[in-house]
Amino acid sequence: MQKAPFITSYLTEHTADDAFATLAGYRAHGGYEAARRALTQMSPEQVVELLKDAGLQGRGGAGFSTGMKWSFMPKDSDKPKYLVCNADESEPGSFKDRLLLERAPHQMLEGILIGAFATGADKTFVYVRGEYAHPANVLQRALDECYAAGIFGANCLGTDLRHDVVVTRGAGAYICGEETGLLESLEGKKGQPRKKPPFPAQFGAFGMPTTVNNVETFSHVPHVVAKGADWFRGFGTEKSPGTTIFGVSGHVKRPGLYELPLGTRLDEIVFEHAGGPPDGRKVKGVIPGGMSMPILPASQLDVPMANEFLRERKTMLGTGGVMVMHDATCMVRVGCIITYFFRDESCGQCTQCREGTGWLHKIMQRIERGAGSPADLDLLLDVASKMEGQTICAFADAAAWPVQGLLRHFREDFEEHVKQGKCPFPESFEL
Amino acid sequence: MPKITVDGASYEVAEGRTILQALDDQGVLMNGVDIPHYCWHPKLSIDGSCRLCQVEIEGIPKLQIACNTPVRDGMVIHTRNERVEKAREGVMELLLINHPLDCPICDKAGECKLQDYAFEYGVPHARTREPRRAGKKRVDLGPTIVFDQERCILCRRCVRFCREVPGTGELSVFSRGDQSVIETFPGEPLDNDYSMNVADICPVGALTTKDFRFKIRVWFLEDVPGICTGCAKGCNVHLGVANNRVYRYVPRRNDAVNGTWICDEGRLSYARIGADDRIAGHEVRQPDGRALPVSIDVALEEAAERLRGVIDRKGAGAVGILASPHATNEDLFVARRLLEALGSSQAGVAVRTGRSDALLIQPEKAANAEGCRRLGFGPAEALLERARGGAVAALLVLGHDALATQGPELLETLRGLDVVLLADSHRSELERVAQVVFATRVVAEKHGTLTNHAGRVQRVVPAVEPSFDAHAEGEIMWRLGRALGLPGFDGAWDLQAVSKALAETVPAFAGIDLASVPPDGVPRADR
Ligand SMILES: Cc1cc2nc3c(=O)[nH]c(=O)nc-3n(C[C@H](O)[C@H](O)[C@H](O)COP(=O)(O)O)c2cc1C
Ligand code: SF4
Ligand code: SF4
Ligand code: SF4
Ligand code: FES
């Protein structure tokens, strides 16, 4: 694991320094001063307004305004209220939260403390991906330091704010990252997303009003509070301010993490920062935001990495997991891998998702084997369209979109399989 | 009250209901407004997983599921346009890609929602070329239910039922995605007092009862509305009838009584109707102890003869009636009139009691125990005590419940009387002590009303005809009264007239006659 991204900005400036994961090291860089300011000099409403002004958007995939989300928490409820920090990071191609957990746990905890103050939450559950044993341990150690220093507990930072943080380990399913699947899992049940309404802000963890935010989202918060909305808006685009940590993987010379402003062009990330494809190879396609997001062909990489631009190309930023594929890659095999993943990970509640993911995978495999028919291409699109926008959670969309993307831009790969009756990419990765 | 518009028709609905609930409240769901649905069930929590009930709501870009979307005032809903139909078609196609399509050998065929909806809303041809998902075909889930994994559409109604109704939670979905499967935990079979309801609510042929499986094709069955007589709850049922035989009970929805459920014991009690131990004709006991089959007229003459003897020797006040809590209110009213005409106060009723629960099962194991009380029949013990003391010389015994409550001592008591007349439906030891035995009809074979434990008066109609000569207790007693020349017992047996008289003369039944009782009964809380 990298200790710091190849390119750093405010989030990852100090992560190369081992001490930054300790309370003393974090304090040496002004740690918990933003929280102190919020708790002692601001009202919760002012914090929420500040985040809205800054335009911070969730970094967990959906890109929803964090300030807005916090404002949905009921103010006059007599029930306990909860925050959940989503550290389940299981989107294939996404590995940024791990760095923040391992190398900058206090930064995230400070964001949580500010969130607790702003939303009036009594407790935060940090739901850490099951396989992230080390990050969970680092986080727990940081949290223990906080309790010893009076940062959390009965009188947070010496104020009369009471807030507790609990680190829980995930149950090892992709769907436990979906916020309501997470809540079920957190409650000790099978990780299956909940139907909405009710929404988590009314009926969340253990039936209490709850707000779920991603690790990185919380990590931005202290910076916004410390340096202000205008400063934050100095990064990124008008509609998508701030930086994010791109995780670049696949066929590039320098795979790894890059903290860059939103709106950085995808070709700049792939070619300049990550060094482009191995010598002698050309880029064929790039998935811009983790496996659920539709792929872009080499000809469309001149796009700023922000949702307002990516949407025009029928894809999205997702979790910023940039997956690069070179020209020997068989896009049908890519389709097989993607559809297998979603088939395997569907929780199985919704008809379209349970049955559609399996069917997509079977059709993909058939085409890859060389047994596909011309009609199968449209069948894939038709099945995908039946899954889209009709299910309990966005998983079914996440399973349908990549298939649509592959056929949108690489239809000829599929047609060649059908025509030749075999896979025309002998040098592609093995399935 | 919010007003909603569905396909152009407006409804005033209750606050806080979802679209499907509101339409169900109005009684129009699948009865004017067709929104096909699998996972939603009116008496279970909302699941929202089958996604079949999607509708278009003006102002909301995506289709919404009707089962979980709360109504709002002014909501305009479309259930029939192209978009909605396309979405349904999509769900139906996806549900069918892995379905075994073994309707020809499936017991649910004919009442299967997958069949029905596929016909109504599906696509006519299959586009899958892959083998269908294979699953276990005959999983023994417990003493009552067999499960076919391949047919299951994972609507989770059965899972929610076990968790929410009996609270036993035997069933769960194991694994995930397209490997999901309904199962029980090892060593924990599906075994509770209500287990067989899962077969009714399973929209497909995945869950079938061992009792009904492969007995008959359901399209041969006529559903006759009736009442379960297993206990004082009086659960509403449909009797499945073919060839003059009752093949099953299934719950008939009545939100004021049993909702959509019945207990297993009650469900299986249909078997008593056509049982081998029915009393299949009237009998007169010969001096040598043998029973002689006779016509009803001969039996009545013999009975009247014997009663006259007792009346002459000991007075009409020595004639008593031990009533049956299985008899209808009308039957019992005739019994009461008979005693009044005789000037006797010797009446009582024996009610067998047993296990009960908070859900449906009542301690009194008869359908009309409350009706008996409301018509003035007190506990059998007092009557039998007086009989032992010599105050009763002739007893007309209806049914044999007293055998269960009094034990063999009852036979002793009866042997001590001058005359014992029995009117009953099933064989018992009582026949041996009775001089005359009348074959009676069971509830499924007659018209009448029954009063359940909560005072609700419910109507029954004949679902089958006995294959032998049998009569309602009321008719037998009427004809006996006429044979004795008692005042008020003239003319032919006329149930309608009896029912009218009951409604007119007994305050507890004021205004309730056969013709006026609606299918879901009439509540009568006051005693
Ligand atoms: C199938 C699926 C998996 C998801 N996995 C994650 C995850 O691992 N981590 C995460 O933060 N968000 C994940 N999300 C998004 C969450 O549902 C939720 O939107 C997010 O945690 C909200 O935080 P944010 O507003 O800070 O982005 C997932 C969503 C879906 C549909
Ligand atoms: S869309 Fe898929 S993953 Fe999400 S709830 Fe439905 S079945 Fe589960
Ligand atoms: S067995 Fe029947 S009721 Fe249970 S989940 Fe399957 S289809 Fe639904
Ligand atoms: S609860 Fe009573 S009335 Fe209802 S089905 Fe069972 S035995 Fe019959
Ligand atoms: S009935 Fe609404 S989703 Fe199943």
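In the text below, chain A, chain B and the rest are named by the order of the sequence lines, each starting its count at 1.
- The number of heavy-atom neighbours closer than 6.0 Å to OH of B:Tyr121, taken from other residues, nucleotides and ligands shown, is above 12.
- For the pair A:Arg343 and B:Asp178, the tightest heavy-atom approach, listed with the atom from each and the gap, is NE-OD2, 2.8 Å.
- For CD of B:Glu82, the number of neighbouring non-hydrogen atoms (other residues, nucleotides, ligands) closer than 6.0 Å is 12 at most.
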Walk me through whether A:His361 and B:Glu130 qualify under side-chain contact (heavy atoms from CB on, under 4.5 Å). CA-CA 11 Å; A:His361 180 230; B:Glu130 287 73 20; over 6 Å; no
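- The line from CD of A:Glu355 to CD of B:Glu93 is 11.0 Å long, rounded to the nearest 0.5 Å.
- With sequence neighbours excluded, the residues forming a side-chain contact (heavy atoms from CB on, under 4.5 Å) with A:Ser373 are A:Ala375, A:Asp376, B:Arg129, listed by chain and number.
- Between A:Lys362 and B:Asn98, the shortest heavy-atom contact is NZ-OD1, 3.6 Å.
- Shown here for B:Arg51 and A:Cys350, the closest heavy-atom pair between the two residues is CG-CB, 4.0 Å.
- In this structure, B:Ile153 and A:Arg354 approach most closely via the heavy-atom pair O-NH2, 3.2 Å.
- Taking 4.5 Å as the heavy-atom cut-off, the residues of residues 188-197 of chain A that approach chain B are A:Lys190, A:Gln192, A:Lys195, A:Lys196, A:Pro197, ordered by number.
- Listed for the B:Arg176 side chain is no donor-acceptor partner under 3.5 Å among the backbone atoms of A:Gln349.
- For A:Asp344, the parts lying under 4.5 angstrom from a heavy atom of chain B are both the backbone and the side chain.
- Residues of residues 411-419 of chain A lying within less than 4.5 angstrom of chain B, judged on heavy atoms, are absent.
- Below 4.5 Å, heavy atoms of chain B meet heavy atoms from A:Gln390, A:Thr391, A:Ile392, all part of residues 390-397 of chain A.
- Of all heavy-atom pairs between B:Val91 and A:Gln352, the closest is CG2-NE2, 3.5 Å.
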